[in-house]
Structures are given as structure tokens and as C-alpha cells.
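Comments concern the structure below.
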There are 2 protein chains.
Amino acid sequence: MLINALPEEKLDPRVKRTRQLLEEAFSELIQEKDFQSISIQDITVRAGINRATFYAHFPDKYALLDYKIRQDFRAEIEKRTLSACHFSGENLRVLIFAVCEFVGTTNHQCKSPRGKFEPFMEAQVKGQVKDLLLTWLGQMEINSRVSPEIAATAASWAIYGLAQYWNWEKERIALEEFVEQILPLVEAHLQLSRV
Amino acid sequence: MLINALPEEKLDPRVKRTRQLLEEAFSELIQEKDFQSISIQDITVRAGINRATFYAHFPDKYALLDYKIRQDFRAEIEKRTLSACHFSGENLRVLIFAVCEFVGTTNHQCKSPRGKFEPFMEAQVKGQVKDLLLTWLGQMEINSRVSPEIAATAASWAIYGLAQYWNWEKERIALEEFVEQILPLVEAHLQLSRV
DNA sequence: GCTCCTCTGTTGCTTATCCAACAAAAATCG
DNA sequence: CGATTTTTGTTGGATAAGCAACAGAGGAGC
């Protein structure tokens with residue numbers, strides 16, 4: 001049994017079930033106590049899954065955290081139907097909005113100190129944002145001095161960084177306003193790789 | 001893999017999971033459509049369980065219906081902490097109350113015509129009521145002309161019959177009042193087997 | 001009557017999960 | 001610090017669940 005990350009579709013029903021149960025149990029626990037103090041036993045007992053089975057899916061609890069964040073962010077993207085979209089200023093705005101809110105709520109509903117799992121969130125979110133942007137750019141005529149890779153990388157880092165910045169602020173301006181401000185900035189990254 | 005009915009406790013987690021999923025799926029379906037028109041495929045697809053696995057647990061959908069009713073009525077008894085009780089007028093009243101309500105709500109939340117699965121409910125409920133009464137009687141000093149078996153049988157039939165009668169009435173009196181009326185009747189059955 | 005289709009049980013084989021046991025790492029306590 | 005307990009990964013063998021295929025029963029429509 002492998003941990004094949006991306007194609008979550010045609011999967012053995014047992015595998016789907018097991019992962020979902022583990023994820024749900026983990027979700028509950030992460031809201032109750034600090035991430036560090038959650039043992040693998042805690043998770044498997046609550047999920048009703050054998051401990052050995054856990055290791056058949058994830059090497060450790062960090063991998064499960066990673067998996068969960070990926071799933072959550074994916075769901076967020078799906079919910080806003082961004083994955084099936086094309087590039088546009090409006091869609092970009094929605095994307096930035098989604099990232100800001102995701103970082104905020106995820107940070108908020110976890111009992112752990114921020115520094116402990118923000119790195120995981122950062123990696124996942126940046127990665128997926130970059131992939132999404134690449135898809136968008138790939139659908140367009142490209143003729144530029146900057147490769148899509150470079151542009152998407154820069155934009156994804158910028159978006160995440162700004163989302164984190166906004167969420168850390170003590171006195172935050174309205175999210176709508178904030179996004180309005182940074183939208184042209186991010187757009188510039190991408191425009192450079194367009195015709 | 002066997003269908004060992006009674007000891008639901010120390011059971012393979014996989015078995016517990018599978019049965020619960022089947023039961024949940026069946027619960028949903030029974031509220032949506034007629035029992036006859038529910039196929040085993042419907043159930044297994046909704047539950048995310050392989051069809052062959054169904055047959056490893058139940059010979060047919062009637063057995064699942066039976067199982068579900070048993071589980072539900074058990075839960076009802078547990079909820080009212082009757083299973084851990086002794087015989088008393090008050091507990092008997094609660095038991096009759098429970099049967100009346102159970103018959104009513106179960107009949108109500110199923111789309112099927114009454115005649116189709118009431119026999120199943122009847123068998124299950126009467127059986128469990130009888131078992132419970134036997135337990136109660138067994139805890140007491142017995143010295144009578146009537147064996148506990150006979151007394152419990154009579155009482156369980158009477159209770160179920162009256163519960164059904166009450167639920168079929170067009171103009172029903174308050175359940176409390178009804179139970180009050182029949183309590184002495186049922187009690188008489190049981191008293192005959194006591195000291 | 002006939003065909004077409006769905007549902008039903010059942011089968012052999014594959015795969016995922018369970019379980020008990022283990023040694024080693026890590027945490028806890030005095 | 002050492003001693004005890006918990007947690008961690010890992011293993012081999014047992015068992016449940018998945019899957020594809022099958023023949024047969026029943027229904028719908030022609």
C-alpha cells in the first residue's frame with residue numbers, strides 16, 4: 001500500500017474510509033489539545049483504526065497534518081470553484097481572499113502554538129497556489145521574458161506572505177480592502193509572463 | 001465470519017464499521033422510499049461497502065431490517081437505563097412507555113406500508129421485552145403457580161399489543177393516561193409469578 | 001412467446017486491516 | 001542521575017473486505 005498523494009479518485013474504499021476516519025479523529029484532537037501532545041495512539045483509538053494501519057498510510061503524525069491541510073485547502077478551492085476556472089482579475093481576487101481566510105481560520109481553530117504547524121500550512125498552500133496559477137497561465141498565450149514557473153512561484157510566495165502578514169496584524173483593515181490593495185501587486189507578477 | 005447476534009462487544013473493528021455503515025445507509029433509505037423498492041445495491045452503494053460483503057453479514061435485506069430494529073430498540077432501552085434495573089412499578093411504566101413511543105416513531109419515520117415490516121418490529125420488541133422481564137423476575141424470589149416464562153410471555157404480548165392498539169387509534173388519549181390504565185393489567189401478569 | 005435488463009446470491013483470488021508481540025526511543029518520576 | 005512507563009516503528013500471520021465474474025431469478029416491453 002502506497003501513499004500516492006495526488007490521484008485521490010479511484011481508490012480502494014477501505015483506504016478512503018481509513019484515511020477519512022484518521023483525518024476526522026485528528027481534526028477533533030487538534031481542536032482539543034496541542035499538536036505535540038497528540039500521540040498516534042490517541043488518533044488511532046479515536047478513529048477506531050489499528051495503530052499499525054496508521055503507519056501503512058502515514059510515516060508519522062506530521063504527514064497526517066500535511067495531508068489534512070492539503071485536503072482542507074483543496075476543499076476550500078473547490079468550494080469557490082477556482083480549480084475549474086481560468087485566469088482573471090476577479091478569480092485572482094477570490095484566490096487571495098481564500099488564502100487569507102484559510103490561513104486565519106486554520107490558525108485559529110488549532111490549539112497549538114503557531115510556529116509548530118504553520119510551516120506545513122505554508123508549504124501546502126504555496127504549493128497548491130502555485131499549481132493553480134500555473135494551470136491558469138498554461139491556458140493562455142505565453143510570450144514573455146519571464147517563465148510561468150518563475151511568475152507563479154513569485155506570486156504564490158507573495159500571496160502567502162501577505163496573507164500571513166494580514167493575519168498577524170493587531171489592527172487589521174477589512175479583508176476586502178486589503179485584497180484590493182495587493183491585487184495589482186500580485187497581478188503584476190503574472191502579467192509579466194503574459195502577452 | 002459469522003452473524004453472531006448477541007455479543008456485540010469485543011468485535012473486530014472492521015465488522016463493527018461495516019455493520020454501522022450498512023445500518024446508517026439503510027436508515028437513510030428507509031426514510032426516502034418504500035422498503036420493497038430498496039435493493040441491496042442501493043444499500044451497499046450508499047454505505048460504500050462491497051455488495052459481496054453485505055452477504056457476509058446478512059442473508060438478505062430482511063435480516064438487516066431485523067438487525068436495525070433490534071439495535072434501535074436496544075438503544076431505547078439503554079437510554080432509559082432499563083437494562084440495568086430491577087423490577088418495580090415505576091420501571092414497568094417506563095418500559096411500556098418506551099414500547100409505545102418506539103412503535104410509534106418507528107412506524108412513522110418509514111415510508112413503507114405498515115404491514116410490511118411491522119412483523120419484524122413485533123418479533124424483536126416482544127422478544128426483548130420478554131428477555132428484560134425475565135431478567136427482572138429472575139432477580140426476585142419466585143414462588144408461584146405460574147412460571148416466569150409464562151408470565152413474561154403473556155406480559156410482553158400484552159404490552160406490544162396495547163402499544164400497537166394505541167398507535168393505531170385515531171383519537172388517542174394522552175400516552176401517560178393510557179399507560180396509567182394498562183399498568184395494573186400488565187402488572188397482574190407478573191405479580192402472579194411473585195411471592 | 002421472446003429478448004433485454006436489473007437484481008440476486010455465490011465464488012476464487014487479491015488486498016487492506018487487525019492483532020499481538022517485539023525492541024528501541026522518549027518521556028516521566030523519584 | 002537511574003528506574004519505570006509510555007510511545008514508537010516494525011514484523012508475521014490471521015481475517016475481513018474488495019473485486020470481477022458467473023449463473024439464475026424476476027420484470028418490463030415488444
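Residue numbers start from 1 in every chain, and the chains themselves are labelled A, B, ... in the order their sequence lines are given, proteins ahead of strands.
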- Inter-residue atom distance B:S27.OG - B:Q109.CD, 0.5 Å rounding: 7.5 Å
- A:N50 CG to D:dT10 C1': how many Å, rounded? 12 Å
- Query: So how far is it from A:M121 CE to A:C110 SG, rounded to the nearest 0.5 Å?
  - Reply: 8.0 Å
- Please tell me which of the listed nucleotides, C:dT17, C:dC19, D:dG18, lies nearest to the side chain of B:P13? C:dC19
- Task: List for me each residue that meets ring pair (Phe, Tyr, Trp, His ring centres under 6.0 Å) alongside A:Y62, sequence neighbours excluded, and say none if there are none.
- Result: A:F35, A:F120
- Task: May I have the distance from B:L21 (atom CG) to C:dT17 (atom P), rounded to whole angstrom?
- Result: 14 Å
- Query: How many Å lie between CD1 on B:I49 and P on C:dT17, as a whole number?
  - Reply: 12 Å
- Message: I need the CZ-P distance between B:R17 and D:dG18, as an integer number of Å.
- Response: 10 Å
- Who are the ring pair (Phe, Tyr, Trp, His ring centres under 6.0 Å) partners of B:F102, not counting sequence neighbours? B:F73
- Task: Check the distance between D:dG18's P and A:K10's NZ and give it to me in whole angstrom.
- Result: 14 Å
- Task: Could you pull out all residues at least two apart from A:F54 that satisfy ring pair (Phe, Tyr, Trp, His ring centres under 6.0 Å)?
- Result: A:F58
- Query: Does the C:dT17 base have a donor-acceptor partner in the side chain of B:R14 within less than 3.5 Å?
  - Reply: yes
- Message: If you take any heavy atom closer than 4.0 Å to DNA chain C, which residues from residues 28-37 of chain A end up in contact?
- Response: none
- Query: Any side-chain N or O of A:T18 under 4.0 Å from OP1/OP2 of C:dT17?
  - Reply: yes
- When rounded to the nearest 0.5 angstrom, what distance separates NZ in A:K130 from OG1 in A:T135? 11.5 Å
- Check the distance between D:dT8's C1' and A:L64's CG and give it to me in whole angstrom. 16 Å
- Task: For the residue pair B:N91 and B:R80, confirm or rule out a side-chain donor-acceptor distance under 3.5 Å.
- Result: no
- Item | Rounded distance in Å - CG (B:L11) to C1' (C:dC19) | 14 Å
- May I ask you to verify if any side-chain N or O of A:H57 is less than 4.0 angstrom from the OP1 or OP2 atom of C:dA16? no
- Task: Taking side-chain hydrogen bond (donor to acceptor under 3.5 Å, both in side chains) as the test, write out the residues that go with B:E180, two or more places apart.
- Result: B:R93
Taking N or O atoms only and anything under 3.5 Å, show me the protein contacts with nucleotides 8-12 of chain C, one pair per line.
| unit_1 | atom_1 | unit_2 | atom_2 | d |
| --- | --- | --- | --- | --- |
| C:dT8 | OP1 | B:I40 | N | 3.4 |
| C:dT8 | OP2 | B:I40 | N | 3.2 |
| C:dG9 | N7 | B:R51 | NH1 | 2.9 |
| C:dG9 | O6 | B:R51 | NH2 | 3.0 |

- Is there a donor in the side chain of A:D42 and an acceptor in the side chain of A:S39, or the other way round, less than 3.5 Å apart? yes
